[in-house]
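Please read the structure below before turning to the comments.
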2 protein chains.
Amino acid sequence: MSIRIGIFGYGNLGRGVESAIRQNSDMELAAVFTRRDPNTVKLFTENIPVYHTDSVLDHKDEIDVMILCGGSATDLPVQTPELAKHFNVIDSFDTHARIPEHFANVDKSASESGYVALISVGWDPGMFSLNRLYASAILPDGKDYTFWGKGVSQGHSDAIRRVEGVLDAKQYTIPVDEALNAVRSGSAPELTTRQKHIRECFVVAKEGADLARIENEIKTMPNYFADYDTTVHFITMEELKRDHSGIPHGGFVIRSGKTGFNGENNHIIEYSLKLDSNPEFTSSVIVAYARAAYRLNKEGVSGCKTAFDIAPAYLSIKSNEELRKEML
Amino acid sequence: MSIRIGIFGYGNLGRGVESAIRQNSDMELAAVFTRRDPNTVKLFTENIPVYHTDSVLDHKDEIDVMILCGGSATDLPVQTPELAKHFNVIDSFDTHARIPEHFANVDKSASESGYVALISVGWDPGMFSLNRLYASAILPDGKDYTFWGKGVSQGHSDAIRRVEGVLDAKQYTIPVDEALNAVRSGSAPELTTRQKHIRECFVVAKEGADLARIENEIKTMPNYFADYDTTVHFITMEELKRDHSGIPHGGFVIRSGKTGFNGENNHIIEYSLKLDSNPEFTSSVIVAYARAAYRLNKEGVSGCKTAFDIAPAYLSIKSNEELRKEML
């Protein structure tokens, strides 16, 4: 019997989940829930019901795991604790500073309901977090580095769009090669914000806008750009659509550590991602963890969990015997 | 109270474990067991008892986790099932083809005794296996690649030493850059053995030996070298000791996979290690998993496990709350 997945929110992430389910033969898409008029939502997969989110409790028995595809700012802090009362749920809550609070809220719901709630699943938080944990447990005497990119930062692109005279924009976060190489050398450098990443902006300005002012406003924007070396390219709307319509991302988690009675040996553990589509990769991680949530709940587990709490074998469609034989 | 670790076998790996324990403040070295005369074994750490392996059962109450540091060929197939009857144990059994058989033997002992037995812990099998599992679960439509090196292969160095006229030798396995880059490009190439790795040999020959014959015998040796592009350098014993006395290793696990309704987006997940000391890194992984074995057994878990079965949080000295706050 397939694991029946519900998608709660059908944007980029929801479509990524729909696509990822098709790659996992032990799962099926059971339903999509939307805040829009369900009749206006067209899925890629045929013959799948689309329901309004208001009716979600009418479909409790049709869903084994509900995947929440809303945003971390306002959707998930409300939706995850609420839906965890009635479903096994997974979200990709990514406001790092608010994770302990979110965990507590969701854990309360899921412990009472008897369901499993997996939060903050994706690649950061998610796979990057796992790699920070594994590497620091293995090399206690060491130093962690996380670099992001090359990739599109939605938040920074939005910030540029709010500058007067800007029609549209795309911002890439790019790790600095010299910093990456210094870390990989084992020298365990102290790196400033400016030394780790540069920011490259592609901006479409309104006709007649003061380009020098726009460029200056971007480069001096506090929090977003002021602490970085930022370059601004003015391009046409056609160029933006042609060359910058993708949502690539990625990054690096590196730990540099020492072993030996006198700390005489250096070791570098590096994990990296190069992703053509940020939301599709995040969705793929979430779908693998949906399998884990389903299996854990079948075993009687309940409450809020993160990737830290899930034994890797739960993610795989293969049996434990197959995994030991083929992958160990 | 500290986790009391026993070391069973005091060679390179045993010394690595001794060194790693000193980096983990929740652990202490309780005793070392050796097949040699205990009076002849000098530890780095002072005031730690050294016992003969024959007396191991007299010390059951002094050890929380026994780390087995013997070899996979003849030691571990006997020792791990035997000691799992009396201790929580960990080994680094690395004969991939015999893992299912070893698992079954160890699981029988540990299930009956009520202890936890963790097998095949290290980096391959171990961290590389974990990365193969995670990446394949996330990207089901993809292809795995494992490259080893640059590093010293003990088995291949030994094979060279058996060639007539050879006094000593060191063999490095080196991944081919073109192959690595082809994999990273997302083209998912089919690679032959020869295309993936080259083998570089540093050989000290007896005076007057026929160097051309030695080189030819090495390069045409079945299984070990015949399928690879192999280079042979003749050097002096002084050069071998000066330039090739380390035991570095490392490697790469890469998965290249596609997502999207039409498989239109490529993703590369890469995990790599660059290790100054192969045994010290392996020991460091084992010691982190010793913490997991101890905690799991405290929770009432028993039987044989692998890294696939262990939730990451069990490896860390930090609490679950700290992990979520600091690492997620």
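Below, chains carry the letters A, B, ... as their sequence lines are ordered, and counting in each starts from 1.
- Between the OG atom in B:S185 and the NZ atom in A:K274 there is a gap of 7.0 Å [rounded to 0.5 Å].
- Here CD1 of B:I268 is found 10.5 Å from CZ of A:F281. Values are rounded to the nearest 0.5 Å.
- When heavy atoms are compared at a cutoff of 4.5 Å, B:L139 approaches chain A solely by way of its side chain, counted from C-beta outward.
- Taking every heavy atom of both residues into account, B:S284 and A:T259 meet most closely at OG-CG2, 3.6 Å.
- Contacts with chain A were tallied for B:I99, B:L133, B:D124; B:L133 has the most, counting heavy-atom pairs under 4.5 Å.
- With a 4.5 Å cut-off on non-hydrogen atoms, B:F261 touches chain A through its backbone and its side chain both.
- Between chain B and the residues A:P312, A:G260, A:A311, the largest count of heavy-atom pairs under 4.5 Å involves A:P312.
- Contact count against chain B (heavy-atom pairs under 4.5 Å) is highest for A:L273 among A:D144, A:I286, A:I317, A:L273.
- Nearest heavy-atom pair across B:N24 and A:P140 is OD1-CG, 3.6 Å.
- Distance check: B:N265 CG to A:N278 CG gives 11.0 Å after rounding to the nearest 0.5 Å.
- Looking only at heavy-atom pairs under 4.5 Å with chain B, the residue among A:F308, A:Y271, A:F103, A:F252 that has the most is A:F308.
- No part of A:V287 comes within reach of chain B, as not one of its non-hydrogen atoms sits under 4.5 angstrom from that chain.
- Residue-level contacts of residues 319-328 of chain A with chain B, in order of numbering, are A:N320, A:L323, A:R324, A:K325, A:M327, A:L328; threshold 4.5 Å between heavy atoms.
- Residue A:L275 holds its CG atom at 8.0 Å from CD1 of B:I269, rounded to the nearest 0.5 Å.
- Using a 4.5 Å cut-off between heavy atoms, B:S272 contacts chain A through both its backbone and its side chain.
- Of the listed residues (A:R15, A:E18, A:R22, A:K258), the greatest number of heavy-atom pairs within a distance under 4.5 Å of chain B belongs to A:E18.
- Heavy-atom minimum distance, A:A137 versus B:A288: O-CB, 3.7 Å.
- Atom CD in B:E264 sits 7.0 Å away from atom OG in A:S19 (nearest 0.5 Å).
- Of the atoms belonging to A:R132, heavy atoms from both backbone and side chain fall under 4.5 Å from chain B.
- In this structure, no portion of B:K318 lies under 4.5 Å from any heavy atom of chain A.
- Interface summary for chain B: among A:T45, A:D141, A:L130, the most heavy-atom pairs under 4.5 angstrom belong to A:L130.
- Looking at B:S25, there are no atoms closer than 4.5 Å to chain A (heavy atoms on both sides), in backbone or side chain.
- Only the backbone of B:A307 comes within contact range of chain A, judged by heavy atoms closer than 4.5 Å.
- The choice from A:W123, A:Y314, A:Y134, A:F128 that makes the most heavy-atom pairs within less than 4.5 Å of chain B is A:Y134.
- Neither the backbone nor the side chain of B:D94 comes within contact range of chain A; no heavy atom of the residue lies under 4.5 Å from a heavy atom of that chain.
- With a threshold of 4.5 angstrom between heavy atoms, A:T306 approaches chain B through side-chain atoms but not through N, CA, C or O.
- Using a 4.5 Å cut-off between heavy atoms, B:Y289 touches chain A through its side chain atoms alone.
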